[in-house]
Amino acid sequence: MKKEILIAQVILDHYHAKLDHLFDYLIPEYMQTLIQPGMRVTVPFGRNNRLTEAFVMTIKYRQKVDQPLKELAHISDDAYAMTATQIELVQWMKKSYLCRYIEGIRCFVPNNRTGKKRVLWVHCQLESDELAEQQMKMKRAPMQQKILEVLHDIRHAPLASLLKMTGASNGAVKALAAKGLITISEEIVRRNPFKDLLTTPYPEPILTDYQERAMLLIRGHWEKKPDTPVLLHGITGSGKTEIYLQLIKSTLEQQRDSILLVPEIALTPQMVQRFRGRFGDQVAVLHSHLSEGEKLDEWGRIHRGEAKIVIGPRSAIFAPCQNLGIIIIDEEHEHTYKSEQAPRYHATEIARQRCRLEKAQLLLGSATPSLESYHEAEHQKLLLVELKERAAGGCLPQVEVVDLRREAREGNRTLFSRSLIAALEHCLGKKHQAILLLNRRAFATLVMCPRCGYVAKCSQCDISMKWHRKEQVLKCHYCGQKESVPENCPECGELVSFQGAGTQKVEEGLQSLFPHHVVARMDQDVTRQKGSHQAILERFEAKKIDLLVGTQMIAKGLDFPNVTVVGILLADTSLNLPDFRAAEKTFQLMTQVAGRAGRGTQEGKVILQTFQPDHYAVHLSAIQDYHRFYHEEIQIRQRFLYPPFSRLIQVTFWSESEEAVAKAAYHSAAAIRFLLEKSGYGEHLEEVMEPGPALIAKIENRYRYTLLMKSVQIPYHIMRKTVKYLLMEGRDRYISPMVTVTIDPDPRFVG
DNA sequence: AGCACGCCGACT
DNA sequence: GTCGGCGTGCTC
């Protein structure tokens with residue numbers, strides 16, 4: 001019988017379209033018992049046989065090979081191999097997100113270039129007292145003597161601190177080691193991302209009846225249908241976190257791992273604090289703000305099973321748990337779960353795949369579930385569990401809608417309505433705190449001509465410039481370009497005026513209204529430095545701040561019982577964005593911010609200011625009626641065939657040349673239609689929309705065109721395949737090489 | 001990506 | 001005559 005040949009199919013650790021396929025290598029005899037799919041290897045590559053890192057995807061057997069193959073050079077000795085399910089997920093990601101193999105692999109595999117952190121310890125070798133005394137009396141160099149004396153008392157110390165204590169140099173220690181009087185050992189220490197985190201025990205509370213019932217429902221459901229996910233719809237303050245803690249506790253009891261996703265890094269510390277308070281060092285955290293070393297250490301702890309609970313933002317969905325029991329996604333509706341870079345995955349989708357492959361359970365939690373999820377629950381694809389009462393016993397805050405049109409008619413053109421001022425005065429009088437939301441991104445300080453309507457725009461990005469008062473400049477928030485402020489309108493010469501208000505202006509306005517109280521601001525400008533976000537929250541919690549003004553980032557997760565008033569300065573901003581999810585986003589934001597009020601025993605009040613008090617997203621969020629909102633919105637989605645009644649693919653074309661992008665976009669659209677027609681979908685070509693300039697038509701001097709496809713009758717995978725063909729094999733025929741193309745399957749922002 | 005091959009201009 | 005510019009093409 002002929003001997004079989006073992007071949008490893010590998011993906012090179014290089015980011016290039018031409019290398020995005022499997023390469024075959026012979027597995028040398030001695031490796032055959034060691035090699036496993038998922039391992040990291042080194043292979044000779046190219047004419048020069050340059051050694052290159054690669055990942056083994058599959059191992060195949062052949063009787064003969066048609067072309068001479070090279071052999072694997074060696075197996076990397078790290079323990080960070082991908083598991084079989086991870087390999088399967090990489091393949092699935094490539095297909096679903098049209099990304100490259102290596103982009104998928106890099107989600108799972110840590111950057112190995114950073115070594116481990118080592119600490120040298122010095123140990124005293126003088127054991128018995130007699131010998132020690134004898135040795136001590138010997139004549140010795142003064143420094144070495146001093147080291148011995150110090151070390152004799154404390155027995156051992158880290159080298160660095162020993163040198164500091166004695167003032168000795170490394171040479172003195174080395175000399176003693178050479179004489180055998182001391183030894184030096186190496187300890188690999190874990191870089192601890194929790195060193196600044198104060199952990200206090202977080203005891204188990206008694207569950208409310210609603211929480212108890214929810215737990216029973218969830219457990220009972222998973223006993224019967226372990227592979228159907230659960231959607232936990234709980235109003236703000238209903239104690240969803242406690243449900244997460246309980247579910248993770250039972251997972252832990254079964255010796256299985258848990259992953260808890262939170263919408264953003266800024267929210268991890270407070271979640272981690274609670275979980276570490278309950279579960280201690282079994283909790284690991286994974287996110288991009290950790291240093292490379294910290295990341296690697298946490299990764300290793302999870303991989304080895306030392307940490308069984310992982311908390312983090314979307315990328316934590318790739319945590320190397322070996323025995324996954326549950327994945328929980330908090331605030332499931334948040335758009336931050338969608339990656340905006342390749343691979344453009346959605347964490348919930350990855351979670352579903354992982355749960356399917358690893359036989360784990362999936363729980364989605366939200367106060368305002370995404371339309372897609374709730375629609376699935378309505379069709380029994382998810383089990384809906386509701387928490388309708390606040391855990392602390394308080395009721396939902398009362399929301400007062402203030403009509404800004406009327407306010408203006410009656411002479412108040414500021415962003416502080418009379419109702420809001422009255423509410424704040426009342427609140428501060430009782431020594432309570434208040435939160436004010438202003439979504440600056442959509443409604444910021446801009447320079448405008450009151451006569452001709454001219455607005456200062458960035459010459460590179462087609463975006464209105466934002467006025468920064470402190471620096472006295474205009475800044476573009478997309479490319480960062482600065483310009484001086486014109487005094488007169490460049491179009492008609494009229495004196496310009498400053499329109500709108502940013503958080504900064506609100507902060508100042510508030511301070512002058514309440515000069516004896518402390519006003520603080522939290523937005524991207526203030527929280528850019530690491531840790532400042534946390535610092536502001538700590539000051540707020542310690543009641544050193546009375547009024548907190550901020551952007552969206554103050555809407556999420558904050559749980560301060562002393563906050564009794566929440567002001568939404570302008571609800572309309574997100575409503576007017578040209579995006580089919582604008583109403584949903586507005587509803588979610590309003591509900592969430594409102595939920596910050598009255599979380600303690602005192603009643604909360606919300607002032608919602610708007611120019612459109614009759615819009616359903618505004619008044620339904622004011623009465624906090626999710627179900628009615630869902631039914632209004634789902635009808636609109638159905639009528640216009642938006643998700644969940646369709647799936648979208650958005651292709652964006654970028655180029656310095658406007659002519660080239662436009663051409664590429666129109667040619668691509670035509671090509672896609674042609675290809676679809678050839679595949680027999682000629683009846684439904686209207687599902688490929690007309691391409692056009694993107695909502696932000698120019699960023700950093702690059703023009704953008706978008707092409708949207710709405711899959712209703714044409715199956716999604718056919719559309720995906722067609723787009724993929726266009727960009728791979730057909731690319732040269734339809735798209736100029738000057739144009740960059742990005743494909744976004746299931747985009748979160750359309751435009 | 002990285003590297004060799006290849007085909008044209010200015011130099012000891 | 002050669003040195004070197006970076007356009008083109010290939011890598012199991």
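Because the structure is a prediction, the values reported are computed rather than measured. In what follows, chains carry the letters A, B, and so on, assigned in the order in which the sequence lines appear, proteins first and then strands, with residues in each chain numbered from 1.
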Query raised in the report: Closer than 4.0 Å, any side-chain N/O of A/Asn48 to the OP1 or OP2 of B/dA4?
Result: yes

Requested in this report: Using the test salt bridge (charged side-chain N to carboxylate O under 4.0 Å, His left out), find all partners of A/Lys60 that sit at least two apart in sequence or belong to another chain.
Outcome: A/Asp24

Requested in this report: Can you sort out the partners of A/Glu687 under salt bridge (charged side-chain N to carboxylate O under 4.0 Å, His left out), two or more places apart, ordered by chain and number?
Outcome: none

Query raised in the report: Where does the chain A footprint on DNA chain C start and end, counting 5' to 3' with a 4.0 Å heavy-atom cut-off?
Result: C/dT11 to C/dC12

Query raised in the report: Near DNA chain B, under 4.0 Å by heavy atom, which residues of residues 14-36 of chain A?
Result: A/Tyr15, A/His16, A/Leu19

Query raised in the report: Is the distance between the ring centroids of A/Tyr337 and A/His335 under 6.0 Å?
Result: no

Query raised in the report: Aromatic ring centroids of A/Trp299 and A/Phe108 under 6.0 Å?
Result: no

Report task. Look only at the side chain of A/Ser736 and the backbone of A/Met738, and say whether a donor-acceptor pair between them is shorter than 3.5 Å. Result -> yes

Query raised in the report: CZ of A/Arg50 versus P of B/dC3: gap in Å, rounded?
Result: 5 Å

Report task. Tell me, please, which residues at least two apart from A/Glu298 pass salt bridge (charged side-chain N to carboxylate O under 4.0 Å, His left out). Result -> A/Arg190, A/Arg301

Report task. Would you kindly give the CZ-to-C1' distance between A/Arg47 and B/dA1, to the nearest whole Å? Result -> 15 Å

Query raised in the report: Has the side chain of A/Gln32 got a donor or acceptor atom that lies under 3.5 Å from a matching backbone atom of A/Ile27?
Result: yes

Query raised in the report: Looking at residues at least two apart in the chain, or sitting in another chain, which of them share a side-chain contact (heavy atoms from CB on, under 4.5 Å) with A/Tyr61?
Result: A/Glu4, A/Leu6

